[in-house]
Amino acid sequence: MTDSNASSPAPKGKYDHAEVEPRWQKHWEERQTFRAARRPGKKKRYLLDMFPYPSGSGLHVGHPEGYTATDIVARYARMRDEDVLHPMGWDAFGLPAEQYAIETGTHPSVKTYENIATFRRQLKMLGFSYDWSRELATTDDEYVRWTQWIFLLLFKRGLAYQDEIPVNWCPALGTVLANEEVVDGRSERGNHPVIRTPLRQWMLRITAYADRLAEDLSEVDWPHGTLTMQREWIGRSEGAEIEFSVDGRPDDRFSVFTTRADTLLGVTFVVLAPEHPLVKSITTDAQRASVDGYVAQAQSKSDRDRIAQTKTKTGVPTGAFAIHPLSGEKVPVWVGDYVIGSYGTGAVMGVPGHDARDFEFAKAFKLAIVEVVSPDGKKHETLESAYVEDGIAVNSGEFDGLKTPDCSRAIVKKLESIGKGRGKITYKLRDWVFSRQRYWGEPIPIYFPVELPEGGDPQKGAKAIIRFDKPIAIEESELPLRLPNLSDFRPGDDPAGPLARSLEWRFFQKDGQWYARETNTMPQWAGSCWYYLRFLDPKNGSEGWSKEAYADWMPVDLYVGGAEHAVLHLLYARFWHKVLYDAGFVRDLEPFKKLVHQGMILGTSYRFYRSVDGQALPGDLSVAAEPTGLPAFKGAMPKWTPVFRTDTGEPVQECFAKEEEIELKSGDPIHRELGIKTVLIADKMSKSRGNVVNPDDIVKAHGADCLRLYEMFMGPLEAVKPWQSSQIQGVVRFRDRAYAVCTRATNDAIDPETERLLHRTIKKVTQDVEGLSFNTAISTMMVFTNHLNGLPSVPKEAAEKLALLLAPFAPHVAEEIWKELGHPESLALAPWPSFDPKLTVDDKIEIAVQVNGKVRGQVLLARTASEEDARKAALEIDSVKPFMDGKTIKKFIYVPARIVNFVVG
RNA sequence: GCCGAAGUGGCGGAAUGGCAAACGCGGCGGAUUCAAAAUCCGCUGUCCUCACGGGCUUGUGGGUUCGACUCCCACCUUCGGUACCA
């Protein structure tokens, strides 16, 4: 019974990650092991992480997840003798640094570069094999220069233009707010009133690329869900534009957009968006007061609030009537905020019989409902709800009897012939609002002529009229246009942004004429739109990237990043790429060949409850969010937000304990001090939950290799996974065991069993790395390590191969093992182990013998055993016989190397 | 509502038509130790049974199949995204 460890020599001393890891990191850095270079004839891989915003709170355990995945592939590819480009940089413009600057008066770049230094230190500490010589930040002058250069390219190609767009202007804060910063028409910070006001903005004409952005998705290997989301966001919709005129006002016409032209004869009303330009002029005097009131109310709501109230339809009649383009009948014109001004034409035809929203609207305001599409071609008395499916036209005069698609075509044709409509394609996608009224962003490289009184000096405050209608591009030779060094970063009272206050920067003279610079800056998206191109050639001073560098590395072979960027970042970057393609600067239609989203890492906490008097209650208590239907609670309501016990109706407080406050007693998580049962909850990490994990702490306690191994071992890369610190123990033991086992290797020849397992391990790990199945790759290496651990003597060949397999996952310990095994050089470029397919399959395999689908025994069979041999051998098994006695075999199933099944009766 | 992902031991997960629960955490028992930690070995889905052994089990209910975690239909739950897009 007690045999195995007597023969195992003691390990040569414990593995000290704190000493080993920094030593190898220094080694790689000094020798520039991971510097990317192209060799002719070699395969290349461009492995890209979505670069981080260097926030003040430092690296989060979520970051290393995707970064470890690409790093494993990068290190693996180098060992396969491929050329690897694996860069890292910083998406460094952004609001937090600007807000910090407003509070402290320090320039945002100071804080930004401090944060970058922290992130860089933390990433280096994790041993990622980036080519740090290509590091860049979007805030670097040399980077901004080319971001501005691309903007000018867009401008010169007519893809950047100015427009008046309603924004959330907060006079008290003196700034424009994003939608999410506005709650109930007031600012999230400070609760000041916010008004919707039109403001001059730079727009990018992304809609010009809508079709190509949708179509070229067929070129890429992306997650199915992301492709769907992009297609839906672009939202191509084929339909018709139909013209209505206003009764008694022959010059006032408007168009509606519809995908169901076939229902045109079912129109009983039309609805205009509150911001529709015709609303003001067609409203009758009798209705003016209520319409004005309604429009004002709609304007005070943010887009979000307006959309949030979807339950009940609101609207008011304008008093005007529209003339139906085919029937000539008069239908009432209403204003309703369920119609969106910016989509289609900002007007819809109301077909309550066949559109759910129109149906609700008609019900609410008692408007007529007419059936024009029937499932069976017969007319029906009343409609209980809108019939939105295809069918056969009824009540539609000459179009009766036509099927929906034919009817649509016939009606559009008819409208075209009388000049009242035409087929049209509309997109949900809108042009991209590209300017921000902020300081900490790339200045837009545009200036405008200025009209001044004779001898006036605008730098000294002379009143200037800026001709925004005459934008002029800055000369390329003058790029980058740098930000002025302000001492005060507050927004001020001018919606034009803080740059407008810097008069010496804003106004300048050229050939005796005064000009004014654009004071808007670019959004944070700008820098991330093309960083994958700058990584190709980051030091190039004469162009953004050279054609040679592009040909060397593009396209990106694997792009890993969070699903939160599934739509906007990826769409914007693809848009720029296509513009660059049209201008001849890039050669691929799509920049990112394969895309993977790493799943979010959740934090773990343990829930329990407290009663009003502070008594702790178990976490599996049955509670409800609302007291409705529960026994009434007599006492005073607490100050905190309660939930309610379903048994007594008593309000209780939800509380959360940390992992270290919990111990397991017969499977139940029990609170150590309170002694009550808790319930494990996995949730987004947040300070308030106390479930945030800091990578620095993990590296300090267990080392970078273990953080990498744990994050990869937790589960599939794409899955959402809860972090549980106690589980790290498993990979810590694995790392230490791998080190101990490998460093006691001897020169003994490898035994056949170990050899077969080794080849199977190599095969599985290789396949899993290629397929990004890192969790199963690690478990395969664990199995092999455990096998070696049980051997009286570990063959050196097995130890060396294990070190090589482990290297992409846990590079530091692998290097250390390699060194201890007598190799003076790093294994970072050593050849990846190969396997002999013959050794990965067994000649004899034990397979299950089933009777009527139930396993009744095992039989050892040759891989290639014949059906007759299998049948004979299976019938010999003692444990099978009782189930066969007195039965007849109705069917015999044999799948070689898999299963034997007797169907008996 | 719609779109997407997912529901498997006490926990993280494995197996995508062929022996469910690999690997790991935790737990139990043992070896080692003066003792502990670390390490090593064994057991560990659940129910019935002294045992041998057997039944049941992949969210629920149906179906296809010799055979279903896996495929099909319906439903429930959770998470993520999105939203009056005409």
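Worth knowing before you read on, the calculation uses all heavy atoms, side chains too, and leaves out hydrogens, waters and symmetry mates. Lettering follows sequence order; numbering is per chain, from 1.
A distance of about 13 Å separates the C1' atoms of A15(B) and A68(B), rounded to the whole Å. C48(B) and G80(B): their C1' atoms are spaced 43 Å apart (whole Å). Remark: the separation of the P atoms in A21(B) and G10(B) is 16 Å, to the nearest Å. Spacing of C1' atoms, U78(B) relative to G59(B), comes out at 10 Å, to the nearest Å.
Residues Phe713(A) and Ser779(A) are in side-chain contact: their nearest non-hydrogen atoms beyond the backbone lie under 4.5 Å apart.
Counting any heavy atom pair closer than 4.0 Å across all strands shown, Glu718(A) reaches no nucleic acid atom. Heavy atoms of Val348(A) sit under 4.0 angstrom from at least one base atom. Using a 4.0 Å heavy-atom distance criterion, Arg856(A) is classed as a sugar-phosphate-only contact. Across all strands shown, Pro716(A) has heavy atoms under 4.0 Å from sugar-phosphate atoms exclusively, and none from any base. Within the nucleic acid shown, Val895(A) comes within 4.0 Å of at least one base atom, counting heavy atoms only.
Residue Lys854(A) places at least one side-chain N or O closer than 4.0 Å to OP1 or OP2 of C56(B). Contact between the side-chain N/O atoms of Tyr343(A) and the OP1/OP2 oxygens of A86(B) is found at a separation under 4.0 Å. Phosphate contact (OP1/OP2 of C25(B), side-chain N/O of Arg733(A), threshold under 4.0 Å): present. Of the side-chain N and O atoms in Ser237(A), one or more sit less than 4.0 angstrom from OP1 or OP2 of A86(B). Side-chain nitrogen and oxygen atoms of Asn775(A) include at least one within less than 4.0 Å of the OP1 or OP2 phosphate oxygen of A14(B).
Across all strands shown, C75(B) forms a Watson-Crick or G-U wobble pair, both distances under 3.5 Å, with G59(B). Across all strands shown, U70(B) forms no Watson-Crick or G-U wobble pair with both key distances under 3.5 Å. Pair check for U32(B) finds none; no Watson-Crick or G-U wobble contact set falls under 3.5 Å. In this structure, C11(B) forms a base pair with G24(B), meeting either the Watson-Crick or the G-U wobble geometry with both donor-acceptor distances under 3.5 Å. Base pairing of G80(B) is made with C3(B), judged by Watson-Crick or G-U wobble geometry with both donor-acceptor distances under 3.5 Å.
Atom pair Glu232(A):CD and U82(B):P shows a separation of 12 Å (rounding to whole Å applied). One atom, CZ of Arg737(A), and another, C1' of C41(B), lie 11 Å apart when rounded to the nearest Å.
A donor N or O paired with an acceptor N or O is found under 3.5 Å between the base of C19(B) and the side-chain atoms of Gln858(A). Checked by distance alone, Gln727(A) brings a side-chain donor or acceptor within 3.5 Å of a matching partner on the base of C11(B).
Rounded to the nearest 0.5 Å, atoms CD (Glu241(A)) and OG1 (Thr426(A)) are 7.0 Å apart.
With no hydrogens or angles considered, a side-chain donor-acceptor pair links Thr207(A) and Asp431(A) at under 3.5 Å.
By the neighbour-count criterion of 12 heavy atoms within 6.0 Å, atom NZ of Lys881(A) is densely surrounded, having more than that number from other residues, nucleotides or ligands.
Using a distance-only test at 3.5 Å, with no hydrogens or angles considered, no donor-acceptor pair links the side chain of Arg737(A) to the main chain of Val732(A).
Remark: Arg607(A) fails to qualify as a cation-pi partner of Phe656(A) under the 6.0 Å distance and 45° angle criteria applied to the six-membered ring.
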